[in-house]
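To keep things clear, I will list the structure first and then write my remarks on it.
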Amino acid sequence: MIPLSWYLALSAVLFSIGVVGVLVQRNVIALFMCIELMLNAVNLTFVAFSRFLDQTTGQLFVFIVMAVAAAEAAVGLAIIISLFRNRETLNVDEADLLKL
Amino acid sequence: MEILFILFAAIAVAGALNVILQRNPIYSAIGLIVTLCALAGLFLTLAAQFIAAIQIIVYAGAIMVLFVFVIMLLNIREEESKIDRQRYLKWLAAPLFVALLAEVYFVIRVVSYDPKPLPAQGAVPPGQILGTVESIGNAMFTTYLLPFEATSVLILMAIVGSMLLARRERTVSEVTIVTAEQIEAAQLEREDEAHETETVGAGH
């Protein structure tokens, strides 16, 4: 049987890759995908603990996280489309209207 | 079991690295889909069949299709890398990497949980087996009914919000505004024209 620590380590690695992507990528769509990656790393932790503590609650949380991710993707991509329409760019550095 | 874990974990990490290393977002999206499918496989090893199915259907199916649609809709050209701006990130990267290694080491050395073996077939009522649709549905519609309803409201707001944002704005300049004076002037003009043709006809 696979120990819990393996799943947690894999989850930490995936989450860190997502963080690195958010720091490195400049394309706003790729940035969004890195956020999805981090959400999935957390989902893996939830499911792993759900199995090892024998509780359904963790899997339920994953379900709700997925719904939130879907809502976030829909609204975020709509924002990206209207940003592209107004600015003709997907580079996050160029969307700095609020910067002093 | 260990072989399955190592296989899926390697695929997931490879896909995740693909997401952050590719310059073209469509390749990043494909990497993310690979990662999501590998994670669904890992969920199956954790006795979460329902979540694994939902992962494939909702994540790899619906959400990623949305991403790919937007990428193709916007038709992005290749952008040049702007590494110069991010030179300071190199100094941030080393301590973060050390922190990650320490975390992984801590988790592997300190956390030692042995899973309870799954109950044999027929030992517990089907509503209590971990990961089945029945047990998740039981919990969702009794103990966790309020979060479930809140999620539905959230999705409704997301639908309204994304439609409002992605709709093409009709600005004032696009819409021709017709004032009462203009209508009157147009009518007068038309009457004048009619009068003119009448007089011209009479003259012949």
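To find a chain, count down the sequence lines: A is the first, B the second, and so on, and within it residues start at 1.
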For B/Gln55, is it the side chain, the backbone, both or neither that has a heavy atom under 4.5 Å from a heavy atom of chain A? both

Is any side-chain heavy atom of B/Leu74 closer than 4.5 Å to one of A/Ile80? yes

B/Phe50 versus chain A, the contacting section by heavy-atom distance below 4.5 Å: side chain

Can you find a heavy atom in the side chain of A/Asn43 that is under 4.5 Å from one in the side chain of B/Leu39? no

Step by step, would you call A/Glu36 with B/Leu36 a side chain to side chain contact (heavy atoms under 4.5 Å, CB included)? CA-CA 10 Å; A/Glu36 298 288 331; B/Leu36 296 177; over 6 Å; no

B/Ser28 versus chain A, the contacting section by heavy-atom distance below 4.5 Å: both

Under 4.5 Å to a heavy atom of chain A? For B/Met157 that would be neither

Please classify the contact between A/Leu44 and chain B as side chain, backbone, both or neither, with a heavy-atom cut-off of under 4.5 Å. both

Could you check which of A/Ala78, A/Ala30, A/Gly21 has the highest count of heavy-atom pairs closer than 4.5 Å to chain B? A/Ala78

Please flag which part of B/Ile51 lies under 4.5 Å from any non-hydrogen atom of chain A: side chain, backbone, both or neither. both

According to the ring-ring contact (aromatic ring centres under 6.0 Å, His included) rule, which pairs have a member within residues 134-168 of chain B, sequence neighbours left out? B/Phe141-B/Phe148

Under 4.5 Å between any side-chain heavy atoms of A/Val13 and B/Val13, yes or no? yes

State, yes or no, whether a side-chain contact exists between A/Trp6 and B/Glu2 at a heavy-atom distance under 4.5 Å. yes

Which portion of B/Thr45 sits near chain A, non-hydrogen atoms under 4.5 angstrom: both

Where does B/Tyr59 contact chain A at under 4.5 Å (heavy atoms): side chain, backbone, both or neither? side chain

Winner by heavy-atom pair count (cut-off under 4.5 Å) against chain B, out of A/Val19, A/Leu60, A/Leu8: A/Leu60

To the closest 0.5 Å, what do you measure between CD1 (A/Ile81) and CZ (B/Phe69)? 10.5 Å

Atom of A/Ala73, atom of B/Ile63 and distance for their closest heavy-atom approach: CB-CG2, 3.9 Å

If you count heavy-atom pairs under 4.5 Å with chain A, which of B/Met140, B/Glu103, B/Gln22 comes out on top? B/Met140

Over 12 non-hydrogen atoms of neighbours within 6.0 angstrom of CD1 in B/Ile183: yes

Let me know if A/Thr56 has heavy atoms under 4.5 Å from chain B in its side chain, its backbone, both or neither. both

Can you tell me how far CD1 of B/Ile20 sits from CG of A/Leu37, rounded to the nearest 0.5 angstrom? 8.5 Å

Supply the atom-to-atom distance B/Gln49 CD to A/Gln59 CD, rounded to the nearest 0.5 angstrom. 7.5 Å

What part of A/Val68 gets closer than 4.5 Å to chain B, counting heavy atoms only: side chain, backbone, both or neither? both

Heavy-atom distance under 4.5 Å to chain B: side chain of A/Leu10, backbone, both or neither? side chain

Are any of the side-chain heavy atoms of A/Met33 and B/Phe67 separated by less than 4.5 Å? yes

Okay, B/Leu17 and chain A: the region with an atom under 4.5 Å from a heavy atom over there is both

Would the number of heavy atoms belonging to other residues, nucleotides or ligands and lying under 6.0 Å from CD of B/Glu189 be above 12? no

Per-residue contact mode, B/Leu101 against chain A (heavy atom under 4.5 angstrom): neither

Distance check, rounded to the nearest 0.5 Å: B/Leu165 atom CG versus A/Leu83 atom CG? 11.0 Å

Any side-chain heavy-atom pair of B/Val19 and A/Ile17 under 4.5 Å: no

Quick check: closest heavy atoms across B/Leu154 and A/Ala71, and the distance to 0.1 Å? CD2-CB, 4.1 Å

Under 4.5 Å from any heavy atom of chain A - which part of B/Ala29: both

Can you confirm whether A/Phe15 sits close enough to B/Leu100 that some side-chain heavy atom of one is under 4.5 Å from a side-chain heavy atom of the other? no

With a 4.5 angstrom heavy-atom cut-off, could you sort out which part of A/Tyr7 is near chain B: side chain, backbone, both or neither? both

So which of A/Ile64, A/Val75, A/Leu77 has the largest heavy-atom pair count under 4.5 angstrom toward chain B? A/Leu77

So for A/Ser50, is it side chain, backbone, both, or neither that comes closer than 4.5 Å to the heavy atoms of chain B? both

Which atoms of A/Leu14 are under 4.5 Å from chain B, going by heavy atoms: the side chain, the backbone, both sets, or neither? side chain

Considering residues, nucleotides and ligands other than A/Phe61, do more than 12 of their heavy atoms fall under 6.0 Å from its CZ? no

Residue among A/Ala41, A/Gly58, A/Ala12, A/Cys34 with most heavy-atom pairs under 4.5 Å to chain B: A/Ala12

Between A/Val62 and B/Ile54, is any pair of side-chain heavy atoms under 4.5 Å apart? no

Pick one of side chain, backbone, both or neither for A/Gln55, based on which atoms fall under 4.5 Å of a heavy atom in chain B. backbone

With a 4.5 Å cut-off on heavy-atom pairs, point out which of A/Ser11, A/Ala74, A/Gly76 contacts chain B the most. A/Ala74

